[in-house]
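Each remark here refers to the structure printed beneath this line.
These numbers come from the heavy atoms of this one structure, side chains and all, not from hydrogens, waters or symmetry mates.
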Amino acid sequence: MSQKRLLILNISICLIFVIAVSLAAVFLRSSETSREPVAPVDEDEVIEDDSWAFFLINEQNPLPADYEPELSRITGDFYLDARCAIYAVQMLEAAAREGVVLHVVSAYRSLQRQADNFDNYVERLMSEGMSEIEAVTFTASQIAAPGASEHNAGLALDILSEDWFVYNNDITEDFEKTPEFRWLAVNSWKHGFILRYPKGTEDITGISYEPWHFRYVGIDIAEQIYNSGLTLEEYTELYGNTD
């Protein structure tokens, strides 16, 4: 092959290569521009809706007979409704980071255990001299009947200080004097829990003051109840029951 023809062949090959590369680039650009853009994730859409937790449980509003929450462990042998267990764990951890050790002494209770607690309390009072009617009436102000207890729904925690039973034989209102209660009173709502039976509201809730009893109602509702100073009964009457 002559030198002239070889030069022409090389030039032709180069031109073909350049054209091929250009066409490929054009194809890639058109593919990218025609692709649907990916929408950013809205963080509000991935936050779990906790409005399910806003409902009243008491003697007038008992749980359905077949109510059985799906449970998840929070600490030790204590369980809560799986939908709120993570918030309880976060609350315990948040307190610990501030040097406050919250000691859970009760969480979910079966209906049978609630019945046993109620009956045992009645029997104890009767053994101390109360009539049956007196014992049952007083017990109902201290312990919710089976099905009327928030513990049966897996939505309530009884919390004390870690060393409470070193110095006390029973759970009393004196818990309000502890750093643990003071932390809970100020911070529990941030994790969706409220002080369920505040002092001076016995005629509204039907239950005596329990500074150790905290109920999950959802973070939004807990904040509103905390700021309003209302009981759950009062708040539900004003704003309805989502159940």
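- Between atom CE of residue Met130 and atom CD of residue Glu123 there is a gap of 14.5 Å, rounded to the nearest 0.5 Å.
- No side-chain donor-acceptor contact under 3.5 Å links Ser149 to the backbone of Ala145.
- Residues Leu155 and Leu92 are members of one and the same hydrophobic cluster, defined by side-chain heavy-atom contacts under 4.5 angstrom among Ile, Leu, Val, Met, Phe, Trp and Tyr.
- Using a cut-off of 4.0 Å between Lys/Arg side-chain N and Asp/Glu carboxylate O, Asp158 and Arg109 are scored as salt-bridged.
- To the nearest 0.5 angstrom, Ile207 atom CD1 is 10.0 Å from Glu202 atom CD.
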CA sep, side-chain torsions, deciding dist, call: Tyr108, Phe78, ring pair (Phe, Tyr, Trp, His ring centres under 6.0 Å):
CA-CA 7 Å; Tyr108 167 76; Phe78 298 107; over 10 Å; no
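- The heavy-atom pair separating Leu80 from Ala107 by the smallest distance is CD2-CB, 3.9 Å.
- Counting non-hydrogen atoms of other residues, nucleotides and ligands closer than 6.0 Å to CD of Glu237 gives a total of 12 or fewer.
- In this structure, the side chain of Ser141 engages the main chain of Phe138 through a donor-acceptor pair within 3.5 Å.
- In this structure, the separation between CD on Glu98 and CD on Glu93 is 13.0 Å, given to the nearest 0.5 Å.
- The neighbour count for Leu238 CG, taken as heavy atoms of other residues, nucleotides or ligands under 6.0 Å away, is above 12.
- Around the CG atom of Asn227, the shell of radius 6.0 Å holds more than 12 heavy atoms that belong to other residues, nucleotides or ligands.
- No more than 12 heavy atoms of other residues, nucleotides or ligands sit less than 6.0 Å from atom CD of Glu70.
- Leu157 has its side chain out of reach of Tyr216: every pair of non-hydrogen atoms, C-beta onward, lies at least 4.5 Å apart.
- Aromatic pair Phe193/Tyr87: ring centres not closer than 6.0 Å.
- Side-chain contact between Ile159 and Val105: absent, with no pair of heavy atoms (C-beta onward) separated by less than 4.5 Å.
- Between the side chain of His103 and the backbone N or O of Ser161, no donor-acceptor pair lies under 3.5 Å.
- The shortest distance between side-chain heavy atoms of Tyr209 and Thr201 does not fall below 4.5 Å.
- Contact annotation: the side chain of Met126 never approaches that of Tyr121 to less than 4.5 Å [non-hydrogen atoms, C-beta and beyond].
- Using a distance-only test at 3.5 Å, with no hydrogens or angles considered, a donor-acceptor pair links the side chain of Asn152 to the main chain of Gly147.
- Counted within 6.0 Å of CD on Glu162, heavy atoms from surrounding residues, nucleotides or ligands total 12 or fewer; the atom is thus considered open.
- Side-chain contact annotation: Gln224 with Tyr239, donor-acceptor N/O pair under 3.5 Å absent.
- Remark: side-chain polar atoms of Gln142 are not paired, donor with acceptor, to backbone N or O of Thr139 under 3.5 angstrom.
- Under the 4.0 Å criterion applied to side-chain N and carboxylate O atoms, Asp174 and Lys177 are assigned as salt-bridge partners.
- Nearest heavy-atom pair, Trp212 versus Glu173, reported as atom, atom and distance to 0.1 Å: CZ3-N, 4.1 Å.
- Counting all heavy atoms, side chain and backbone alike, Gly154 lies closest to Pro69 at N-CG, 4.5 Å.
- The same ILVMFWY cluster, assembled from side-chain heavy atoms under 4.5 Å apart, contains both Ile86 and Leu102.
- Atom-to-atom distance recorded for Arg215:CZ and Glu210:CD is 13.5 Å, nearest 0.5 angstrom.
- Rounding to the nearest 0.5 Å places CZ of Phe55 at 4.0 Å from CD1 of Ile57.
- Contact check for Leu232 versus Leu56: side-chain heavy atoms found under the 4.5 Å cut-off.
- The two residues Gly218 and Ala53 come nearest to each other via the heavy atoms N-CB, 4.1 Å.
- Counting non-hydrogen atoms of neighbouring residues, nucleotides and ligands closer than 6.0 angstrom, the CG atom of Asn169 reaches no more than 12 such neighbours.
- The main-chain N or O of Glu134 is never found under 3.5 Å from a side-chain atom of Thr137 such that the two would form a donor-acceptor pair.
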Does the pair Phe165 and Leu160 meet the rule for a side-chain contact (heavy atoms from CB on, under 4.5 Å), with working shown?
CA-CA 9 Å; Phe165 288 112; Leu160 297 172; 3.7 Å; yes
Using the salt bridge (charged side-chain N to carboxylate O under 4.0 Å, His left out) rule, take Glu176 and Lys199 through it: C-alpha gap first, then chi angles, then the decisive distance, then the call.
CA-CA 10 Å; Glu176 71 177 3; Lys199 180 180 289 187; 3.1 Å; yes
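- Using modelled atom types, no side-chain atom of Asn117 and backbone atom of Ile143 make a donor-acceptor pair closer than 3.5 Å.
- Once rounded to the nearest 0.5 Å, the distance linking CD1 of Ile221 with CD1 of Ile194 reads 9.5 Å.
- Glu234 places a side-chain N or O within 3.5 Å of a backbone atom of Thr231 that can act as its donor or acceptor partner.
- Thr172 and Asp170 form no side-chain donor-acceptor contact under 3.5 Å, judged by distance and modelled atom types alone.
- Ion pairing between Arg196 and Glu150 holds under the 4.0 Å rule for side-chain N and carboxylate O.
- Side-chain contact between Leu195 and Leu184 is absent, with no heavy atoms from C-beta onward closer than 4.5 Å.
- Listed here is the closest heavy atom pair of Asp81 and Leu71: N-CD2, 4.0 Å.
- Panel note: side chain Arg73, backbone Gly76; a donor-acceptor pair is recorded below 3.5 Å.
- Of the possible polar contacts, one joining the Asn58 side chain to the Asn61 backbone as a donor-acceptor pair under 3.5 Å is found.
- No option in Phe175, Phe181, Tyr197 other than Tyr197 meets the ring pair (Phe, Tyr, Trp, His ring centres under 6.0 Å) test with His213.
- Less than 6.0 angstrom separates the ring centroid of Tyr235 from the ring centroid of Phe54.
- Closest non-hydrogen pair, Trp164 versus Ile171, comes out as NE1-CA, 3.9 Å.
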